S.K.: 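One structure follows; several queries about it will come next.
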Amino acid sequence: GAGFEHRANLSLGYEWRGLRVNWRVNYLSSIQDTLDENGPPLDPDVNDIGSYVYHDVQARYAFGSDLQYEGYLGVDNVFDKTPPVIGQNG
């Protein structure tokens with residue numbers, strides 16, 4: 001059928017004083033749309049999508065006499081990887 005058979009997430013975090021940094025890796029397995037109700041099968045060159053890995057990073061910094069203030073910065077898809085697309089017609 002259609003859909004990712006396997007998905008996985010891995011997070012690595014580091015904390016030091018008021019600084020917290022987190023790196024997240026998101027894995028999506030390969031996919032092939034094989035559902036008959038979607039119409040005739042597509043050409044495998046269009047329909048077979050390999051696995052993908054995306055990376056996200058976040059940083060937080062707490063400051064002030066009691067660390068009562070906090071700044072946050074995050075970037076999803078750090079390497080700007082283009083998502084896979086399955087065509088609508090073969």
Side-chain angles (χ1 to χ4, degrees):
F4 298 103
E5 184 176 354
H6 302 287
R7 291 176 167 218
N9 299 310
L10 174 68
S11 288
L12 176 64
Y14 177 76
E15 190 169 339
W16 180 70
R17 297 186 183 181
L19 176 65
R20 289 184 292 173
V21 178
N22 186 62
W23 188 274
R24 182 178 169 121
V25 178
N26 304 292
Y27 167 80
L28 301 170
S29 67
S30 59
I31 184 173
Q32 182 180 41
D33 185 2
T34 59
L35 297 176
D36 292 335
E37 62 266 18
N38 291 339
L42 296 174
D43 182 335
D45 292 335
V46 176
N47 198 28
D48 290 335
I49 305 297
S51 62
Y52 270 69
V53 177
Y54 296 97
H55 299 265
D56 304 327
V57 65
Q58 295 84 33
R60 291 183 181 271
Y61 184 70
F63 56 96
S65 58
D66 295 325
L67 300 178
Q68 73 269 30
Y69 305 108
E70 185 174 80
Y72 171 83
L73 176 67
V75 177
D76 291 337
N77 194 7
V78 171
F79 302 113
D80 198 27
K81 188 166 189 176
T82 304
V85 176
I86 296 178
Q88 293 298 314
N89 37 18

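Just the heavy atoms: all of them, side chains too, but no hydrogens, waters or symmetry mates, feed the values below. What you are looking at is a predicted structure, and each value in this text was computed from that prediction instead of being measured.
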S.K.: If every non-hydrogen atom of Val53 is compared with every non-hydrogen atom of His55, which pair is closest and at what distance?
M.R.: CG1-NE2, 3.7 Å
S.K.: Phe63 and Leu19: same hydrophobic cluster, using ILVMFWY side-chain contacts below 4.5 Å?
M.R.: yes
S.K.: Mind listing the closest non-hydrogen atom pair of Asn22 and Ser11 along with its distance?
M.R.: OD1-CB, 3.8 Å
S.K.: Check Glu70, Gln58, Glu15 against Arg20 for a side chain to side chain donor-acceptor pair (under 3.5 Å) and give me the one that passes.
M.R.: Glu70
S.K.: Give the intermediate values and the outcome of side-chain contact (heavy atoms from CB on, under 4.5 Å) for residues Tyr54 and Leu28.
M.R.: CA-CA 9 Å; Tyr54 296 97; Leu28 301 170; 4.0 Å; yes
S.K.: State yes or no: do Phe79 and Val25 share one hydrophobic cluster built from I, L, V, M, F, W and Y residues joined by side-chain heavy-atom distances below 4.5 Å, directly or via other members?
M.R.: yes
S.K.: Where the side chain of Ser29 meets the backbone of His6, is there a donor-acceptor pair that is under 3.5 Å apart?
M.R.: yes
S.K.: Between Val78 and Trp23, is any pair of side-chain heavy atoms under 4.5 Å apart?
M.R.: yes
S.K.: Ignoring hydrogens, what is the shortest heavy-atom contact between Asp56 and Asp76? Give both atom names and the distance.
M.R.: OD1-CA, 3.2 Å
S.K.: Partners of Tyr61 by ring pair (Phe, Tyr, Trp, His ring centres under 6.0 Å), sequence neighbours excluded?
M.R.: none
S.K.: Tyr27: what forms a ring pair (Phe, Tyr, Trp, His ring centres under 6.0 Å) with it, not counting sequence neighbours?
M.R.: none
S.K.: Would you compute the distance between atom CG of Asn9 and atom CG of Asn26 and round it to the nearest 0.5 angstrom?
M.R.: 4.5 Å
S.K.: Take Val57 and Arg24 through the side-chain contact (heavy atoms from CB on, under 4.5 Å) test and state the conclusion after the steps.
M.R.: CA-CA 6 Å; Val57 65; Arg24 182 178 169 121; over 6 Å; no
